[in-house]
Undergrad: 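The structure is given below, and queries will be raised subsequently.
Letters go in sequence order (proteins before strands), and every chain restarts at 1.
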Amino acid sequence: MDFNFKEIEQKWRERWEKDEVYKTDMHDFSKPKFYALDMIPYPSGEGLHVGHPIGYISNDIVSRMKRMQGYNVLHPMGFDSFGLPAEQYAIKTGNHPGSFTDHNIETFTRQLKSMGFSYDWSKEIRTHDPRFYHWTQWIFEQLYKDGYAEHKPKYVNWCEGLGTVLANDEIVDGKSERGGFPVEKRLMKQWTLNIPAYAEKLLSGLDNIPEWPNSTKEGQRNWIGKSIGAEVEFKVENSDYTFRVFTTRADTLFGATYCVLCPEHDLVKKITTLEQKNAVDEYVSACAKKTDMERSELNDNKTGVFIGAYCINPVNNARLPIWIGDYVLMYGTGAVMAVPAHDQRDYLFSKAHNLPIIRVVEGGDLEKEAYTGDGKHINSGILDGLNNDEAKEKIIDWLQKRGLGCKKVNYKLREWLFSRQRYWGEPIPVVFLDDGETVLDENLPLILPVMDDYKAKNGEPPLNNATEWKNVVINGKHGVRETSTMPGTAATAWYYMRFIDPHNDEMLADPELLKHWMPVDLYIGGAEHTVGHLLYARFWNQYLFDKGISPVNEPFKKLVHPGMLLGENGEKMSKSKGNVINPDDVIAQYGADVLRVYEMFMGPITEAKPWNTQNIEGSKRFINRVWSIYINDNKIQDAENKNLEKLYHKTVAKVTQDYENLSFNTAISQMMIFINAVQKESVFPREYACGFIKLLSPLAPFISAEIWQQVFDANSLIDYQSWPTFDVDLAKDDEIEIPVQINSKIKARIMISVGENRESVLNKAREAVGINEADKEIYIENKIVNFIKR
RNA sequence: GCCGAAGUGGCGGAAUUGGCAGACGCAAGGGACUUAAAAUCCCUCGGGAGCAAUCCCGUACCGGUUCGAGUCCGGUCUUCGGCACCA
């Protein structure tokens with residue numbers, strides 16, 4: 001007989017909410033703490049899809065187990081509720097984006113509750129709530145006061161389609177991540193945060209978080225992009241101008257045949273000769289119009305223009321022509337020395353523009369390509385005969401002694417572009433006074449004004465139209481507010497601290513509580529945040545740690561990325577492909593417990609895997625089987641059953657360990673094995689029945705709560721029971737069957753027991769395979785040795 | 001191109017430190033119950049040979065180490081994810 005899961009689920013949802021079962025007492029320090037955090041979702045209009053819950057279910061299982069193991073667990077949820085779709089909706093409908101957002105949050109909340117997550121909803125965060133963004137603004141002000149926030153002209157990624165600037169991590173293949181609009185370089189005055197000042201700390205900090213995926217740490221290392229090399233100064237011929245180049249191959253200085261500046265380099269205007277001026281101007285303006293997409297498409301076709309001027313190679317006084325080319329980026333010094341013999345880009349450029357190639361390292365075939373490997377140096381004066389590393393050291397030393405260059409470390413990590421020309425974000429609490437002074441508005445929170453029209457006009461941010469809000473008198477002086485807002489990644493760079501003390505209006509969070517609850521013990525969310533959110537969060541935490549506000553230098557102890565859930569056809573789920581599964585439909589048909597079991601049983605959570613509606617049947621059968629064993633069959637008795645003893649202890653051991661390791665598919669497999677075995681028995685000892693339902697409860701909380709009440713104790717909740725224990729010895733076998741192999745072929749099988757001596761095992765083996773084989777050497781694997789010794 | 005992860009039946013996937021490959025589940029086939037169906041229960045289920053006990057092959061491909069390799073080493077191919085002119 002099936003059971004009415006709808007009734008049961010509703011009953012327990014109401015009970016959990018009414019009794020505040022999952023509310024965390026933050027001041028209870030008597031128990032060890034466990035902070036389990038999900039990356040909070042953006043409340044989109046579409047609602048949750050079945051991919052979201054994979055991470056949420058995993059974290060919920062761990063949270064529920066930890067509670068039963070005696071931890072004080074913080075398991076909160078919130079919404080990253082500022083963002084573009086709400087703003088676009090507002091423009092279209094004229095409604096306030098807040099109402100759209102609130103409506104979506106309601107849908108998300110209903111969906112999350114329907115899945116039985118044990119969140120402490122009293123600590124919910126909405127990043128668009130002024131009581132929250134008060135402190136986002138406050139952190140910005142601290143950064144400003146400490147000199148980490150600057151307002152200055154910068155070449156930025158301007159997206160005409162969205163009417164705003166974008167950060168590097170918001171651009172995919174030269175187009176905006178949202179909307180797919182083209183992006184171009186523009187010089188604009190923008191707010192930036194000096195994250196490069198933290199490059200070294202963010203890099204070395206990665207060594208202190210062993211429980212992060214390797215791929216994520218590597219991704220951040222590459223994004224930070226540390227390279228060690230040298231800066232070398234070149235004089236411009238017949239002038240007082242000099243420029244510096246950054247190189248990781250100072251050993252090839254004697255092979256430099258020209259230099260290239262990036263088109264935006266300051267010196268270009270100053271040293272271009274009259275004859276070349278037209279060609280240079282044309283090239284520079286053509287580059288400015290190119291989108292990132294167009295620039296990267298050019299890959300092998302290296303364009304450039306000679307600017308007419310020459311510079312002097314400091315090591316041999318060679319006269320080198322100066323070119324500009326857009327393959328040189330505004331990275332490092334924005335200028336490179338070109339060594340076509342030993343750098344492939346320079347090689348291609350020199351071929352395209354007929355520039356000379358001078359070999360200074362032996363090896364490779366310069367007819368085909370540049371040689372970048374190690375080798376003996378030639379044509380290099382004092383470096384002749386040395387290999388790459390020796391030559392680098394010697395030449396840098398030589399340059400340093402003459403003041404012509406020095407050792408230098410460079411990072412690819414750029415400043416964090418912190419302003420967006422959007423309405424639906426945190427206002428930046430800065431006022432530009434009429435007298436030219438820039439001051440902070442310390443009267444926080446600075447509330448985002450309600451407007452009649454959210455459309456941007458004349459390329460200015462929408463807030464520019466909020467005349468009343470914009471014009472202020474501060475310290476008796478008139479000024480105008482900053483009308484850009486903060487990027488979406490601002491709130492999520494620190495929200496994990498706010499969950500610890502979400503209603504505090506005096507400060508970001510109580511230091512005593514932060515000290516007890518930080519860091520996050522288990523953080524689950526998508527791998528797409530590797531170089532965006534996760535790096536910004538580490539940056540703000542590190543900054544706040546240095547200020548004594550955050551008690552830890554790394555905010556997330558263990559990090560797990562759920563794999564992508566693909567559609568039934570193996571493709572990415574998307575509306576346009578029509579393969580999206582709505583969790584509401586699955587819950588209506590099968591119930592939340594079955595959805596949870598199925599999503600966890602599909603495979604390892606970190607792997608991408610396709611949805612398969614047919615496979616849900618297996619999870620449904622398992623849940624039904626559990627129900628009928630506990631409720632319909634009459635086999636739970638205060639009695640013993642030796643047949644189940646070992647399996648029970650094994651199951652407790654394996655499930656506990658697997659939950660801890662987030663290996664839910666194998667935990668479920670073990671529980672299925674146990675339930676299948678129970679089904680074959682006529683007596684299900686009460687002790688085992690009680691223990692098993694506790695194991696099941698983090699995974700399938702509704703049915704477990706109901707069974708607990710009906711079968712074990714109507715007056716208590718399963719959530720308050722302690723986690724089952726197991727007997728280590730009983731969880732192990734006393735007797736196992738092992739194969740006897742000769743030349744790696746299995747010849748016989750024998751049974752061996754714990755405590756059996758080595759000679760007896762050998763005799764059995766000899767006997768089993770026959771006397772002729774007996775004098776051959778017999779290996780006993782360690783596993784067996786350990787087994788009989790036990 | 002660089003970095004990272006992975007490749008096991010018809011399918012999703014198991015397999016502590018190298019030690020019985022394919023746990024568990026889905027699908028499929030057969031059977032029981034039923035007037036019938038659903039549900040449930042039982043059996044079979046990597047490929048090949050054989051009446052059979054049994055034997056041979058098999059974890060992307062090629063080679064190596066080892067008594068023994070899905071697992072370790074070297075090379076190749078493929079897929080996915082990230083970065084991409086970073087000097």
Undergrad: With a 4.0 Å limit, can you tell me whether A:R621 has a side-chain N or O closer than that to the phosphate oxygens OP1/OP2 of B:C26?
TA: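 So the side-chain polar atoms of A:R621 do come within 4.0 Å of the phosphate oxygens OP1 or OP2 of B:C26, strictly under.
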
Undergrad: Is there a donor-acceptor contact under 3.5 Å linking the side chains of A:T606 and A:H561?
TA: no

Undergrad: Across all strands, who's sitting opposite B:A69 as a Watson-Crick or G-U wobble pair, both distances under 3.5 Å?
TA: none

Undergrad: Can a side chain N or O of A:R625 be found less than 4.0 Å away from OP1 or OP2 on B:C41?
TA: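 Answer is yes, contact under 4.0 Å.
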
Undergrad: If I pick the C1' atom on B:U40 and the same atom on B:G46, what distance separates them, to the nearest angstrom?
TA: 29 Å

Undergrad: How far, in whole Å, is B:U65 from B:G12 if one measures between their C1' atoms?
TA: 34 Å

Undergrad: With heavy atoms under 4.0 Å as the rule, sort A:N612 into base, sugar-phosphate or nothing.
TA: nothing

Undergrad: How close or far is atom P of B:G82 from atom NZ of A:K217, stated in whole angstroms?
TA: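 One finds 21 Å between P of B:G82 and NZ of A:K217, rounded.
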
Undergrad: Picking from B:A87, B:G12, B:C24, which would you name as closest to the side chain of A:K609?
TA: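 Closest of the options to the side chain of A:K609: B:G12.
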
Undergrad: Is there a donor-acceptor contact under 3.5 Å linking the side chains of A:E568 and A:N579?
TA: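 Absent: no donor and acceptor within the cut-off.
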
Undergrad: Pick the P atom in B:C61 and in B:C42, then give their distance to the nearest Å.
TA: 37 Å

Undergrad: Are the side chain of A:Y371 and the backbone of A:R359 linked by a donor-acceptor contact shorter than 3.5 Å?
TA: no

Undergrad: Whole angstroms only, please: what is the CE-C1' distance between A:M672 and B:G25?
TA: 6 Å

Undergrad: Regarding A:D207 and A:R221, does a basic nitrogen lie under 4.0 Å from an acidic carboxylate oxygen?
TA: yes

Undergrad: Mind checking the P distance from B:A15 to B:G4? Whole angstroms is fine.
TA: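 Roughly 24 Å separates the two P atoms.
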
Undergrad: Verify the contact: side-chain N or O of A:Q614 to OP1 or OP2 of B:C11, cut-off strictly under 4.0 Å; return yes or no.
TA: no

Undergrad: Pick the C1' atom in B:U76 and in B:A27, then give their distance to the nearest Å.
TA: 35 Å

Undergrad: Can you tell me, in whole Å, how much space there is between the C1' of B:C80 and that of B:G75?
TA: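 Between the two C1' atoms, the distance is 22 Å.
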
Undergrad: Regarding A:S215, tell me which of base, sugar-phosphate or nothing describes its non-hydrogen contacts under 4.0 Å with the strands shown.
TA: sugar-phosphate

Undergrad: Kindly state whether the ring of A:Y598 and the ring of A:Y590 have centres lying under 6.0 angstrom apart.
TA: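 Distance test on ring centres: not under 6.0 Å, no.
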
Undergrad: Whole angstroms only, please: what is the CE-C1' distance between A:M602 and B:A27?
TA: 16 Å

Undergrad: Suppose you measure atom P in B:A36 against the same atom in B:G22; what distance do you get, rounded to whole Å?
TA: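 Their P atoms lie roughly 39 Å apart.
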
Undergrad: What's the NZ-P distance between A:K572 and B:G81, to the nearest Å?
TA: 7 Å

Undergrad: Between A:Y327 and B:A87, is there a contact of a side-chain N or O with OP1 or OP2 at under 4.0 Å?
TA: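 No, because none of the side-chain N or O atoms of A:Y327 sits under 4.0 Å from OP1 or OP2 of B:A87.
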
Undergrad: Check this one for me: any side-chain N or O of A:T666 less than 4.0 Å away from OP1 or OP2 of B:C24?
TA: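 So the side chain of A:T666 is outside the cut-off, no N or O lying under 4.0 Å from OP1 or OP2 of B:C24.
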
Undergrad: Between B:G13 atom P and A:I54 atom CD1, what is the distance in whole Å?
TA: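 It works out to 11 Å between those atoms.
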
Undergrad: More than 12 heavy atoms of other residues, nucleotides or ligands under 6.0 Å from CD of A:E393: is that the case?
TA: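 It does not: A:E393 CD has 12 such atoms or fewer within range.
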
Undergrad: Rounded to the nearest Å, what distance is computed from the CG atom of residue A:L329 to the C1' atom of nucleotide B:C83?
TA: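 After rounding, the reported distance stands at 14 Å.
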
Undergrad: Quick one: is A:N665 getting a side-chain N or O under 4.0 Å of the B:A23 phosphate, OP1 or OP2?
TA: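 Checking A:N665 against B:A23: no side-chain N or O falls below 4.0 Å of OP1 or OP2.
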
Undergrad: Check this for me: does any side-chain nitrogen of one of A:E200 and A:K226 sit under 4.0 Å from a carboxylate oxygen of the other?
TA: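 A salt bridge is present here (some side-chain N lies under 4.0 Å from a carboxylate O).
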
Undergrad: Starting from P on B:C85, measure out to CD on A:Q344 and report it in whole angstrom.
TA: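 Result: 15 Å.
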
Undergrad: State which of B:A87, B:C24, B:C3 makes the closest approach to the side chain of A:F601.
TA: B:C24

Undergrad: Which nucleotide sits closest to the side chain of A:N615: B:G12, B:A87, B:C24?
TA: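 Taking heavy atoms from C-beta onward, the closest nucleotide is B:G12.
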
Undergrad: What is the distance, to the nearest angstrom, from the CG atom on A:L413 to the C1' atom on B:C83?
TA: 14 Å

Undergrad: Quote, to the nearest angstrom, the C1' distance that separates B:G64 from B:G47.
TA: 27 Å

Undergrad: Enter syn or anti for the glycosidic conformation of B:G9, syn applying to angles within 90° of 0.
TA: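 Nucleotide B:G9 adopts syn.
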
